[in-house]
Number of protein chains: 2
Amino acid sequence: MPTDAQPTSRVRAADELKQVALEQFATVGFAGTSLQHIADDAGYSKSSVLYHYASKEALLEAAIEPAIAEFEAVLDDFVGGRGSGGRRLLVDRIVDLLLEHREAVHVFIIQGPSLSHLPIIARANAAVRRLTEAINEQSVSVTDQVRFGIALGGAAFLLTAARSYVGDDQRPTDDEFRVALHAVLGESLAPADRDSTPTTD
Amino acid sequence: MPTDAQPTSRVRAADELKQVALEQFATVGFAGTSLQHIADDAGYSKSSVLYHYASKEALLEAAIEPAIAEFEAVLDDFVGGRGSGGRRLLVDRIVDLLLEHREAVHVFIIQGPSLSHLPIIARANAAVRRLTEAINEQSVSVTDQVRFGIALGGAAFLLTAARSYVGDDQRPTDDEFRVALHAVLGESLAPADRDSTPTTD
DNA sequence: GCAGGATCTGACCGATCGGTCAACTATCTT
DNA sequence: AAGATAGTTGACCGATCGGTCAGATCCTGC
């Protein structure tokens, strides 16, 4: 029984559907995505989608739960091991999270407020609120809070929106994005020690 | 015929519907909003909505067109009168635009990529792309482009998302928002002259 | 080769979608 | 008072929504 090389059609189909659904959730929104459209894009029937996932909501949960779990882990490490260099590590890990799970982050950050009735989104919103409070606890000025909110929403927006605003040829690579995100988010989340942000070249 | 004091039930009803629709478009998205829900919230029937506006799309256009027109005006002044202090004036006017038309800006910035098939949104997307190119023309580094994208999307996200992340009591007032937005967007869009941004306290 | 589970699909369901239409009422003009 | 006009609405339409179900097909172990 093949578990590594050929990934057994079951998990392969489920993963395909999950990936297709995630892209659509991030690009046209959860409400704007239909199971029929997901099925069409993935090359299955709508019934097959509902065979692998009990409901549209279950499909959303399967698609974004890993990203939320990692986000919670990053958050726990940050609020747990509080210290001087904590913010720089936070920026490191958030940038990685953004690049690896950009669609999922877009869903639960940008669409989070409007989908809070879904348990998985409510969980993500709670994590975002925890992070917000942890940040605001140290810097109480409204400007710092706005800086944080803009960085959070802007980063989530940018990685999936860039696709439609600039052509494929001149869109930055992921490595370029990583460097730039590190610099920009570093300025927003760790504005105190500004010495180690080289502002690129 | 009263044109000032009592706003004649026609325009009053139309304005009410426009405002209710705009709030829903911004909070749950264009695709996630139904004419029935708009009608219910405004206290009319769905037929009445379609009497005042020919279609859901026409309602969207009426709701966000003024904001787009003002955005285009700000953009024209910026690319036309190019100069040293141009960026600070740009920040001034964009902050005003954000505060006055926050729901509309949220719609055509955040949902712009997914609604580009609607003519009014395509027009807004073209304006956003013009602004992007005007900014990138002067600063070619990827970091500056990312900084701009985050500022744009983040500001659009923040003003309508803040409602759901912090309670009414501790949410900043519009004046506080204006000061903070001015500082944060100033750093992102006019990073050259950093002397007047006090980097908070 | 055959039984049995896994996978996939078409037909169908009630609900809701955006939109049309005819009828009803309120208001204004003459 | 009468007619025209503007505003509002319920009934209805075809399409699509998320979801159910019974069967068809495929694959595996015996």
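Below, chain A is the first sequence line, B the second, and so on; all start at residue 1. Small disclaimer: the values here were computed from a predicted structure and weren't measured.
We find that CG of A:Leu59 is positioned 12 Å from C1' of D:dG18, with the value rounded to whole Å. B:Leu50 places its CG atom 12 Å from the P atom of C:dC21, with the value rounded to the nearest Å. Across the protein-nucleic acid pair, B:Tyr44 atom OH and C:dG18 atom C1' stand 21 Å apart, rounded to whole Å. At whole-Å resolution of the value, CG in B:Asp40 and P in D:dT9 are 11 Å apart. Separating the CG atom of A:Leu17 from the P atom of C:dT9 is a distance of 10 Å, rounded to the nearest angstrom. Atom CZ in A:Arg12 sits roughly 14 Å away from atom C1' in C:dA6 (whole-Å rounding). Distance B:Gln36 CD to D:dA11 P: 13 Å, rounded to the nearest Å. In this structure, the OH atom of B:Tyr53 is 17 Å from the P atom of C:dT20, given to the nearest Å.
There is a side-chain donor-acceptor pair under 3.5 Å between A:Tyr44 and A:Glu16.
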Trace of the side-chain hydrogen bond (donor to acceptor under 3.5 Å, both in side chains) decision for B:Asp40 with B:Gln36
CA-CA 6 Å; B:Asp40 290 346; B:Gln36 185 67 63; 3.1 Å; yes
Applying side chain to side chain contact (heavy atoms under 4.5 Å, CB included), run through A:Leu50 and A:Leu59 and close with a yes or a no.
CA-CA 9 Å; A:Leu50 287 163; A:Leu59 178 50; over 6 Å; no
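Among D:dT9, C:dC17, D:dG19, the nucleotide with an atom closest to any side-chain atom of A:Ser55 is D:dG19.
Residue-level contact check: B:Ser34 touches the backbone only, with heavy atoms under 4.0 Å from sugar-phosphate atoms and none from bases. In this structure, B:Leu35 reaches the sugar-phosphate backbone alone: every heavy-atom distance under 4.0 Å involves primed, P, OP1 or OP2 atoms, never a base.
In this structure, B:Lys56 forms a cation-pi arrangement with B:Phe30, its terminal cationic atom sitting closer than 6.0 Å to the ring centre and no more than 45° off the ring axis.
With hydrogens and angles left out, the side chain of B:Lys46 and the base of C:dG19 share a donor-acceptor pair within 3.5 Å.
Remark on DNA chain D: of its neighbouring residues A:Ser47 and B:Ser45, the 5'-side contact belongs to B:Ser45, judged by nearest-heavy-atom nucleotide. In terms of position on DNA chain D, the residue among A:Ala54 and A:His37 whose nearest nucleotide sits closer to the 5' end is A:His37.
For D:dA6, the OP1/OP2 oxygens have no side-chain nitrogen or oxygen of B:His52 closer than 4.0 Å. Side-chain N/O atoms of B:Tyr51 include one lying less than 4.0 angstrom from OP1 or OP2 on D:dG7.
Of the possible donor and acceptor atoms, none in the side chain of A:Arg123 sits under 3.5 Å from a partner among the backbone N and O of A:Ile68.
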